[in-house]
Amino acid sequence: TILKLQFLYFIEKKNNNTHKKKMEKPLFKFGIIADVQYADLPKGTNYDKSAVRYYRETLGKMDRAVEWWKEENVGFVLSLGDVIDGYNKQYNTETEALEMIMEKFDSVGVKHHQLVGNHELLNFPRDTLLSHGWGLPCGQLYYTFEPSPGWKVLVLNSYEISVIQHTDHNYHNPPNNEVLKMLQKNNKNLAVLPPGRWNETNWYSGLDTEHQRYLPYNGMFGEVQLKWVKAELAEAAGKGERVIVCSHTPVHHGASNHCDIAMDGPELVSLLHKHPSTVVAVLCGHNHNGGRCVDEAGIRHITFESPLETDPSVPDCSAVADVFPDKISIRGKGSVPSTEIFFK
């Protein structure tokens with residue numbers, strides 16, 4: 001009888017624990033997508049022809065992501081940059097393409113946070129981005145918001161300083177001499193020709209890993225933004241808050257190849273490492289293959305796969321993140337793998 005009672009107590013306790021797990025609700029949840037890069041074009045390839053790009057097919061993946069986010073009742077959406085492709089500017093379809101994509105984001109019915117990517121700047125001046133939901137009304141393209149008490153999301157602009165401007169794909173008359181000098185100092189391939197002729201040379205030739213991030217399609221956070229990040233992290237640490245950092249361009253080579261890292265990415269990583277118990281995740285796009293790593297301070301970096309280079313036979317390329325007090329559970333669909341980030 002005693003054994004029977006003990007057995008029944010064990011079963012009841014196990015059932016209660018299972019029920020609690022089923023009833024556990026996240027503090028908040030949000031949708032994630034990176035590098036949709038829509039254009040009404042047939043398939044093509046990337047710069048070195050190592051990957052096929054399915055421009056038109058990204059719309060279907062975007063539609064499926066929207067329906068999933070609505071079913072999941074997400075609190076907001078993170079779009080990690082490059083919503084339309086730079087080819088739209090060449091064919092004068094940039095406004096039509098942007099309105100089509102933004103209408104899909106709007107249909108989710110929640111706030112969508114749009115990050116600045118290189119393709120945004122190839123298509124539009126910054127004022128146009130601000131008028132379509134990027135950044136803040138004051139004109140700043142990086143900011144913070146609090147999705148839940150004790151949590152902060154830093155939305156960064158990894159192109160606050162760059163040589164990219166929407167009027168010219170060939171980098172004629174780059175608008176920022178500071179970055180121009182840095183590129184030509186650190187990339188010998190760009191030093192031998194004026195910016196208007198950069199497309200005539202191989203940008204990557206002979207570069208070691210330390211210098212591979214100095215490429216025209218990458219940008220910089222800049223000194224002002226980095227000081228702002230430092231202050232935001234210190235404030236969050238003082239309050240005991242958790243921080244999620246978002247950037248179009250990756251900042252750690254463990255979650256990307258060296259060619260796709262922000263030019264001053266290492267400076268940002270140094271700031272993050274001062275608060276390893278505060279920063280729980282760094283979410284990025286830009287590198288279409290995706291990548292994941294835990295850096296030297298134990299911070300998790302996740303680079304999300306792109307719908308643009310996901311084969312049409314794979315119908316999905318998006319994610320939903322469930323945030324709990326002790327973990328972030330990222331549920332990927334299609335070409336995006338699922339990931340769990342644990343913290344104390």
Side-chain angles (χ1 to χ4, degrees), residues 35 37 44-51 53 81-82 85-90 94 115-126 129 141 156-226 247-270 284-289 291 303 306 308-309:
D35 298 83
Q37 284 186 229
T45 65
N46 61 348
Y47 177 78
D48 64 0
K49 303 187 185 305
S50 62
R53 294 184 166 181
D82 285 0
D85 195 85
Y87 272 127
N88 284 287
K89 184 67 180 179
Q90 182 177 333
E94 69 273 22
L115 276 69
V116 177
N118 48 310
H119 284 263
E120 271 79 28
L121 296 180
L122 286 171
N123 280 291
F124 300 106
R126 295 179 183 230
L129 298 178
L141 287 168
L156 303 186
N157 179 13
S158 54
Y159 290 88
E160 183 68 10
I161 305 175
S162 80
V163 295
I164 303 173
Q165 57 181 357
H166 74 287
T167 55
D168 196 334
H169 284 218
N170 292 321
Y171 306 99
H172 283 289
N173 303 314
N176 195 291
N177 287 327
E178 176 188 350
V179 184
L180 174 60
K181 290 177 182 177
M182 180 175 290
L183 282 168
Q184 293 182 325
K185 177 183 177 181
N186 290 280
N187 187 331
K188 62 181 182 180
N189 304 302
L190 305 178
V192 296
L193 291 173
R197 295 179 59 194
W198 279 350
N199 284 347
E200 298 176 22
T201 187
N202 182 343
W203 297 349
Y204 312 92
S205 179
L207 296 180
D208 58 26
T209 56
E210 180 61 29
H211 292 86
Q212 286 175 7
R213 65 182 184 273
Y214 294 100
L215 298 168
Y217 59 70
N218 293 329
M220 298 176 65
F221 299 102
E223 184 178 349
V224 173
Q225 185 175 185
L226 290 175
S247 164
H248 174 66
T249 310
V251 295
H252 195 283
H253 59 82
S256 171
N257 59 44
H258 290 273
C259 296
D260 288 332
I261 292 174
M263 283 186 264
D264 54 354
E267 285 89 335
L268 177 63
V269 171
S270 294
C284 304
H286 197 47
N287 183 303
H288 295 175
N289 293 325
T303 303
S306 167
L308 181 66
E309 293 179 13

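These numbers were taken from a predicted model, which means no experiment stands behind them. Every heavy atom of this structure was used, including side-chain atoms; hydrogens, water molecules and symmetry mates were not. Starting from 1, each residue takes its place in the sequence as its number.
Nearest heavy atoms, T303 versus P250: OG1-CG, 3.8 Å. Closest heavy-atom contact between T249 and H286: CG2-CD2, 3.8 Å. In terms of heavy atoms, N186 sits closest to L207 at O-CD2, 4.2 Å. Residue P195 comes nearest to L180 through the heavy atom pair CG-CD1, 3.7 Å, listed as atom of the first residue, atom of the second, then distance. Across all their heavy atoms, N287 and S256 have their closest contact at ND2-OG, 3.4 Å.
Side-chain atoms of V179 and I161, non-hydrogen and from C-beta on, do get closer than 4.5 Å to each other. Taking 4.5 Å as the limit, some side-chain heavy atom of L268 sits within range of a side-chain heavy atom of L156. Using a 4.5 Å heavy-atom cutoff, the side chains of C259 and L215 are in contact. I261 places none of its side-chain heavy atoms less than 4.5 Å from the side chain of N218. Residues V116 and L121 meet the side-chain proximity criterion, which asks for heavy atoms closer than 4.5 Å.
For Y204, the side-chain hydrogen bond (donor to acceptor under 3.5 Å, both in side chains) partners are Y217, not counting sequence neighbours. Partners of S306 under the side-chain hydrogen bond (donor to acceptor under 3.5 Å, both in side chains) rule, at least two apart in sequence or in another chain, do not exist in this structure. Applying the side-chain hydrogen bond (donor to acceptor under 3.5 Å, both in side chains) test to E309 and every residue at least two apart in sequence or in another chain returns R53, H288. Taking S205 as the reference, nothing meets the side-chain hydrogen bond (donor to acceptor under 3.5 Å, both in side chains) condition, with sequence neighbours excluded.
Atom CD of Q184 is separated from atom OH of Y214 by 14.0 Å, given to the nearest 0.5 angstrom. Note that the CE atom of M220 and the OG atom of S162 stand 10.5 Å from one another [nearest 0.5 Å]. D85 contributes atom CG, which lies 7.5 Å from atom CG of N123 (distance to the nearest 0.5 angstrom). The line from NE2 of H258 to NE2 of H252 is 9.5 Å long, rounded to the nearest 0.5 Å. One finds the CG atom of L308 at 8.0 Å from the CG atom of D35 (value rounded to the nearest 0.5 Å).
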Apply side-chain contact (heavy atoms from CB on, under 4.5 Å) to V251 and V269, showing your working. CA-CA 7 Å; V251 295; V269 171; 3.7 Å; yes
Any chance you could lay out the side-chain contact (heavy atoms from CB on, under 4.5 Å) test for F221 and E160, step after step, and finish with the verdict? CA-CA 5 Å; F221 299 102; E160 183 68 10; 5.6 Å; no
Decide yes or no on side-chain contact (heavy atoms from CB on, under 4.5 Å) for W198 and L183, but give the supporting numbers first. CA-CA 11 Å; W198 279 350; L183 282 168; 4.0 Å; yes
I would like to know whether T209 and H253 meet side-chain contact (heavy atoms from CB on, under 4.5 Å); could you show each step before the answer? CA-CA 9 Å; T209 56; H253 59 82; over 6 Å; no
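Remark: side-chain polar atoms of N187 are not paired, donor with acceptor, to backbone N or O of H211 under 3.5 angstrom.
Among pairs with a residue in residues 254-270, none fulfils salt bridge (Lys or Arg N to Asp or Glu O under 4.0 Å), at least two apart in sequence or across chains. Here salt bridge (Lys or Arg N to Asp or Glu O under 4.0 Å) pairs that include residues 200-218, with residues two or more places apart or in two chains, are R197-E200, E210-R213.
Note: Y159 and H248 have tilted aromatic rings, judged against thresholds of 30 and 60 degrees for the angle between ring planes.
No hydrogens or angles considered: nothing links the side chains of H119 and N88 as a donor-acceptor pair under 3.5 Å.
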